[in-house]
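Here the structure comes first, spelled out in structure tokens, and everything after it is commentary.
Quick note on labels: first sequence line is chain A, next is B, and so on, each numbered from 1. Quick caveat: nothing in here was measured; it's all calculated off a predicted structure. Side chains included, hydrogens not; waters and symmetry mates left out as well; all remaining heavy atoms used.
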There are 2 protein chains.
Amino acid sequence: MPRPKSLTPEDLAAAALAVIDREGLPGLSMRAVAQELGMGTMSLYRYVSERTELEALVLDLVLSTVDIRPPESSWQNQIVALVERVRDAVARHPNVIPLTMAHRHRSPALLRWSESVLEVLSANGFTGARRVVALRCLIGYLIGAMQLEHLGPLSGTGTAVMAGRTEFPLLAETATAARSLGDEFHHGLAVVVRGLEGS
Amino acid sequence: MPRPKSLTPEDLAAAALAVIDREGLPGLSMRAVAQELGMGTMSLYRYVSERTELEALVLDLVLSTVDIRPPESSWQNQIVALVERVRDAVARHPNVIPLTMAHRHRSPALLRWSESVLEVLSANGFTGARRVVALRCLIGYLIGAMQLEHLGPLSGTGTAVMAGRTEFPLLAETATAARSLGDEFHHGLAVVVRGLEGS
DNA sequence: CCCTGTAGGCGTGCGCTGTACGCCTACGCC
DNA sequence: GGCGTAGGCGTACAGCGCACGCCTACAGGG
């Protein structure tokens, strides 16, 4: 048995995450991560076979911190809590948001989370197609809304431009209102959960 | 007045879209588009200042075909129709789906569409924060769900793997059910719209 | 304690990317 | 017919992911 590995996959992911946090997602390159670790670029390929795999590792690291045990409450509140925990975890590293969509299958942490959501749904009368639709709705909203608020949220700089346009009066008005609105994610999630009740 | 331009922005977008349809989004490069048009790479920069701008042009071309006039029906059906028209238009060019999120502000077609959605909402009692949340929900679901079904949908090849895992029994069962489910997008959208009713 | 086989670490190089810069020339107007 | 504008493009550069193959640090067996 020769030379042991000097890095765990977590070490690798942590280094990549540090780069992403510091320089943004476009700053993530194999060379940058290698430098972060003080090793040669090609050494990384002893741990991952492609760059994509490294990205998946980063996502899983971020998501591994979320508590998947639903709180004691109504099932609606349980779902809301589970979804918002993922959002909070990801919000701590906003630059990884685009990775969420791309690598969601390959993250064991997210699979565990999904299983937990399904348990809550199942225990409250959701089965078959209705449960499939419910999970898709939640994941779709979660990831869609996170991306929305990350790169050019309705309440952001991008909308300041829209607010000035007179050709889209309602859009301008909505953009203005959005800037003073607090937690859009939470309110939207409430809408989705209410929709699930009646499905 | 010297030499006139030989291309319209639409020509440029159409060429880029052809490349994307044929070779996928990673196949989109300035060189590839230039070759598609039979011109030199750098000539493209007479029409766009960056690659990003070209991508936005492509998205707008795809979305420019959607009819933004709501049908005569209940406001719920009007919303559903508007959302599904965007989905249908984008589904005709699945490879552009990732561009939807990135460039949604810069597409006049999508701005016009948003304005139309807001008109329907406004005419049916949605104002202020409630209207902001409604629009965000719809766009979030639209873009999130499109991405979900595009790259590794729940009912897809990726889920065949999950269906085999015994560590996530509910996820496996759900994945199996998903493969036989017809229009997941439609059912999910119905959930969101129902949620809006009670908001 | 040395020797050996395994596998970790990495230097080089290739084909690709976006795009800055500057030249050449086709063209509409006077 | 000449001119000036601006379209078209060739070259070049920095950076990317990663294939390949060498060197060597190390754990185990004699």
Side-chain angles (χ1 to χ4, degrees), chain A residues 1-61 95-96 98-99 101-103 106 151, chain B residues 1-61 95-96 98-99 101-103 106 151:
Chain A
M1 215 168 291
R3 206 153 134 186
K5 291 188 187 294
S6 61
L7 260 50
T8 65
E10 288 75 20
D11 294 333
L12 190 51
L17 182 56
V19 172
I20 292 175
D21 282 342
R22 188 179 346 112
E23 311 183 31
L25 196 52
L28 179 69
S29 72
M30 301 305 278
R31 285 168 172 87
V33 174
Q35 194 170 8
E36 180 80 19
L37 288 165
M39 36 190 333
T41 307
M42 295 312 292
S43 307
L44 302 182
Y45 288 91
R46 292 278 166 190
Y47 300 90
V48 292
S49 65
E50 324 172 276
R51 178 209 155 100
T52 326
E53 207 173 312
L54 176 59
E55 293 176 356
L57 239 41
V58 171
L59 176 63
D60 198 57
L61 177 65
N95 296 333
V96 312
L99 300 182
M101 179 62 74
H103 305 299
R106 293 202 269 185
L151 36 94
Chain B
M1 215 168 290
R3 203 151 140 189
K5 289 189 188 295
S6 61
L7 259 50
T8 66
E10 288 76 20
D11 292 333
L12 189 51
L17 183 56
V19 171
I20 291 175
D21 282 341
R22 189 182 342 116
E23 312 182 31
L25 197 52
L28 179 69
S29 72
M30 301 306 277
R31 285 167 173 83
V33 174
Q35 193 169 10
E36 179 79 19
L37 288 165
M39 30 189 338
T41 307
M42 294 314 290
S43 307
L44 303 182
Y45 288 90
R46 292 277 165 190
Y47 301 91
V48 292
S49 66
E50 327 173 274
R51 178 209 157 100
T52 325
E53 208 173 311
L54 176 58
E55 293 175 355
L57 241 40
V58 171
L59 176 64
D60 198 58
L61 176 64
N95 295 334
V96 313
L99 300 181
M101 180 62 74
H103 304 300
R106 292 201 272 185
L151 35 95

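The local environment of CD in A/Glu23 is crowded, with over 12 non-hydrogen atoms from other residues, nucleotides or ligands closer than 6.0 Å.
Note on residues 1-12 of chain A: pairs passing side chain to side chain donor-acceptor pair (under 3.5 Å), not counting sequence neighbours, are A/Thr8-A/Glu10, A/Thr8-A/Asp11. Residue pairs meeting the salt bridge (Lys or Arg N to Asp or Glu O under 4.0 Å) criterion with at least one partner in residues 51-61 of chain B, sequence neighbours excluded, are B/Arg51-B/Glu55. Residue pairs satisfying the salt bridge (Lys or Arg N to Asp or Glu O under 4.0 Å) criterion with at least one member in residues 12-21 of chain B, sequence neighbours excluded, are absent.
Residues that satisfy the side chain to side chain contact (heavy atoms under 4.5 Å, CB included) test with A/Ala18, not counting sequence neighbours, are A/Arg22, A/Glu36. Here A/Ser43 pairs with A/Met39 under the side chain to side chain contact (heavy atoms under 4.5 Å, CB included) rule; sequence neighbours left out. Considering only residues two or more places apart in sequence or on other chains, B/Ala16 meets the side chain to side chain contact (heavy atoms under 4.5 Å, CB included) condition with B/Leu28, B/Val33, B/Leu54, B/Val58. Scored by the side chain to side chain contact (heavy atoms under 4.5 Å, CB included) test, A/Ala56 finds A/His103, A/Arg106 as partners (sequence neighbours excluded).
Taking CZ of B/Arg31 as the start and CE of B/Met42 as the end, the distance is 9.0 Å to the nearest 0.5 Å. Atom CG of B/Leu17 sits about 10.5 Å away from atom CG of B/Leu59, to the nearest 0.5 Å.
Nearest heavy atom pair, residue B/Leu12 against residue B/Tyr47, reads CD2-CB, 3.5 Å. In this structure, A/Val96 and A/Ile20 approach most closely via the heavy-atom pair CG1-CG2, 4.0 Å. Taking all atoms of both residues into account, the shortest heavy-atom contact from A/Gly27 to A/Ala32 is O-CB, 3.7 Å.
For DNA chain C, the contact window with chain A, defined by any atom under 4.0 Å from a protein heavy atom, covers C/dG5 to C/dG13 in 5' to 3' order.
Residues from residues 35-47 of chain B lying near DNA chain C, meaning a heavy-atom separation below 4.0 Å, are B/Thr41, B/Met42, B/Tyr45 in numerical order. Contacts between residues 24-32 of chain A and DNA chain C, defined by a heavy-atom separation below 4.0 Å, involve A/Arg31, listed by number. The stretch residues 5-15 of chain B does not touch DNA chain C, since none of its heavy atoms comes less than 4.0 Å from the strand.
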Under 3.5 Å between N/O atoms: give me all the protein pairs with nucleotides 27-29 of chain D, atom names plus distance.
from   : atom 1 : to     : atom 2 : distance (Å)
D/dA27 : O4'    : A/Met1 : O      : 2.1

